[in-house]
Number of protein chains: 2
Amino acid sequence: MTKRAFKDAVYRQAAWIGKALASPKRLELLELLAQAPRTVEVLAAETEATVANTSQHLQILFAAGLLDAHKGGRFVTYRLADASVGKFLLDFRALSEKRRAEIDRIKRQFFAEMGEVEPVNQETLLERVRRGEALVLDVRPAEEFHHAHLVGAISLPLPELESRLSQLPKNKEVVAYCRGPFCVLAAEAVQRLRRHGIPAYRLEGSVYDLQALGLPTTASASGHPPAVDR
Amino acid sequence: MTKRAFKDAVYRQAAWIGKALASPKRLELLELLAQAPRTVEVLAAETEATVANTSQHLQILFAAGLLDAHKGGRFVTYRLADASVGKFLLDFRALSEKRRAEIDRIKRQFFAEMGEVEPVNQETLLERVRRGEALVLDVRPAEEFHHAHLVGAISLPLPELESRLSQLPKNKEVVAYCRGPFCVLAAEAVQRLRRHGIPAYRLEGSVYDLQALGLPTTASASGHPPAVDR
DNA sequence: CAATTAATCAATCATTCGCTTAAATATTAA
DNA sequence: TTAATATTTAAGCGAATGATTGATTAATTG
């Protein structure tokens with residue numbers, strides 16, 4: 001093996017990971033799977049793609065080594081291969097947001113259109129959460145909450161929001177989070193809570209972002225459920 | 001903007017970074033640039049590609065936001081856009097090595113073919129370096145050494161190795177490092193040092209890997225030169 | 001066993017990619 | 001100004017990609 005053949009071989013291997021990250025749909029799939037394992041059907045529905053297409057993308061991610069697949073009955077459940085993939089995805093997203101300023105523009109535009117009030121400074125919001133001054137809502141589907149969530153957060157999936165409004169304590173500021181800065185669930189929750197006169201704010205980070213910022217979670221490591229949850 | 005349009009737009013942006021990482025040649029260029037800025041010509045020579053092809057790859061990396069370009073005279077010098085890109089590359093390489101076992105196989109085969117003795121445990125090697133028990137050689141080109149290097153390391157570029165052998169202290173173990181685990185310079189240095197009867201070992205990590213492991217370097221942050229060097 | 005369901009596979013097609021060769025641009029040196 | 005040098009641009013080509021559609025496989029249910 002020549003030096004050139006060695007370098008070509010090694011970088012060709014690494015490029016498999018790059019190729020896996022080179023498609024918008026695949027990145028969306030990865031971010032969903034970072035929250036909790038899912039079946040092909042569910043992933044296809046959530047990303048608004050056909051099942052066949054989603055299956056193909058999942059196979060590319062699997063071939064790259066980023067996913068594990070497990071067949072149970074008629075369903076194939078895909079999940080991140082290990083916690084290091086989840087951790088890497090946080091780094092990848094951070095780099096994307098830092099180096100592609102366009103992302104910030106798109107976010108601003110979208111959330112402004114949603115009628116979001118001047119986005120509260122995330123730092124001060126975090127500080128209130130740390131001090132327990134705000135009621136923290138996890139508005140993702142219950143299964144994702146179960147997989148990993150912020151300690152002290154209440155699970156209130158979006159479809160149940162209105163029907164469970166009365167259970168919320170009065171006169172307490174509410175902070176909602178979902179899957180991360182590219183997820184719209186929390187923004188929609190805030191919109192609907194405000195319609196009912198509740199002072200609500202959106203926290204941008206996912207459980208794993210917040211965990212990395214030092215907030216206590218039920219997950220011991222990014223991407224995989226904690227022992228206590230099993 | 002619908003929710004779908006939002007997600008599509010955001011992930012399309014992030015996928016630019018993925019696309020940049022999806023080519024073996026581009027990954028090789030990035031790892032070279034992580035050591036020091038370079039011109040197109042030099043990069044083409046080092047990656048054994050045509051200048052036109054290299055220029056095209058560099059433009060893709062630039063468009064993705066990973067590189068800065070600076071024109072001085074007739075030369076265009078490319079460099080990593082900022083230190084966060086260098087840091088990310090370490091994470092990307094780590095994930096690649098972890099999730100694509102084939103890389104380890106290729107490395108073992110190549111270095112075995114080079115006649116490398118049973119690869120010394122990197123941990124024990126590092127410990128000897130930390131304790132100052134070994135003479136640490138930086139066998140990269142002088143310019144890269146100047147850009148950032150391990151504190152205490154001696155610059156001994158490969159082409160000068162034989163001619164400067166006599167300057168090495170006798171009876172001291174030698175440890176050589178270069179650009180990282182995919183770089184062959186240190187392995188070749190070790191090979192040649194051993195031919196001259198010098199007990200030499202290869203350290204896998206780059207300056208930035210070693211910095212992340214806590215070894216003192218002249219670089220304050222990954223990928224960009226330290227203030228002290230300017 | 002037949003029908004249903006989840007997922008994959010196969011064929012197709014327009015698009016993009018990686019690379020080559022050759023021409024064009026821009027800057028410096030003679 | 002001409003020549004030389006560094007880089008980019010343009011055109012072209014085979015291979016790979018992303019998506020669609022329809023068929024196929026495998027497991028479950030009636």
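Order of the sequence lines fixes the chain letters, A, B, ..., with proteins taken first and strands second; residue numbering starts at 1 for each chain.
- Residues passing the salt bridge (Lys or Arg N to Asp or Glu O under 4.0 Å) test with Glu144(A), sequence neighbours excluded: Arg38(A), Arg179(A).
- Nearest nucleotide to the Val40(A) side chain, out of dT8(C), dG18(C), dT8(D): dT8(C).
- The stretch residues 53-61 of chain B touches DNA chain D through Ser55(B), Gln56(B), Gln59(B), each having a heavy atom under 4.0 angstrom from the strand.
- Contact annotation: the side chain of Thr47(A) approaches that of Leu29(A) to within less than 4.5 Å [non-hydrogen atoms, C-beta and beyond].
- Applying the ring pair (Phe, Tyr, Trp, His ring centres under 6.0 Å) test to residues at least two apart or on different chains, the pairs with a partner in residues 8-47 of chain A are Tyr11(A)-Phe182(B).
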Taking distance alone, no hydrogens or angles, what donor-acceptor pairs closer than 3.5 Å link side-chain atoms of residues 57-78 of chain B to residues at least two apart or in another chain?
unit_1	atom_1	unit_2	atom_2	d
His57(B)	ND1	Arg26(B)	NH1	3.1
Gln59(B)	NE2	Ser55(B)	O	3.3
Gln59(B)	NE2	Ser55(B)	OG	3.0

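- Checked against dT21(C), dT7(D), dA19(D), the side chain of Phe75(B) finds its nearest nucleotide in dT7(D).
- Within the nucleic acid shown, Val51(B) comes within 4.0 Å of at least one base atom, counting heavy atoms only.
- Remark: nothing in residues 2-23 of chain B comes within less than 4.0 Å of DNA chain D through any heavy atom.
- Judged as a salt bridge (Lys or Arg N to Asp or Glu O under 4.0 Å), and not counting sequence neighbours, the contacts of Glu162(B) are Arg192(B).
- Applying the 4.0 Å criterion to OP1 and OP2 of dA6(C), one finds that Tyr78(A) has every side-chain N and O outside that range.
- Pairs engaging residues 85-113 of chain A under the ring pair (Phe, Tyr, Trp, His ring centres under 6.0 Å) rule: Phe88(A)-Phe88(B), Phe110(A)-Phe6(B), Phe111(A)-Phe6(B) [sequence neighbours left out].
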| Going 5' to 3' along nucleotides 23-30 of chain D, which nucleotides have protein heavy atoms under 4.0 Å from the base (write B), which only from the sugar-phosphate (write S), and which from neither (write -)? | ----BS--

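- Counting non-hydrogen atoms under 4.0 angstrom, Ala52(B) reaches a base of the nucleic acid.
- Annotation: salt bridge (Lys or Arg N to Asp or Glu O under 4.0 Å) contacts of Arg99(A) (sequence neighbours excluded): Asp82(B).
- Residues satisfying the side chain to side chain contact (heavy atoms under 4.5 Å, CB included) criterion with Leu165(B), sequence neighbours excluded, are Leu161(B), Leu168(B), Leu193(B), His196(B), Ile198(B).
- The distance from atom CG of Leu43(B) to atom C1' of dA6(D) is 13 Å, rounded to the nearest whole Å.
- Residues that satisfy the side chain to side chain contact (heavy atoms under 4.5 Å, CB included) test with Ala112(B), not counting sequence neighbours, are absent from this structure.
- Atom P of nucleotide dT9(D) and atom CZ of Phe62(B) are separated by 11 Å, given to the nearest angstrom.
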| request: Go through Glu31(B) and Gln35(B) one step at a time and tell me if the side chain to side chain donor-acceptor pair (under 3.5 Å) criterion holds. | output: CA-CA 7 Å; Glu31(B) 287 225 334; Gln35(B) 302 295 316; over 6 Å; no

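- In terms of phosphate contacts, Arg26(B) brings no side-chain nitrogen or oxygen within less than 4.0 Å of OP1 or OP2 of dC17(C).
- With sequence neighbours excluded, the residues satisfying salt bridge (Lys or Arg N to Asp or Glu O under 4.0 Å) with Arg4(A) are Asp8(A), Glu28(B), Glu48(B).
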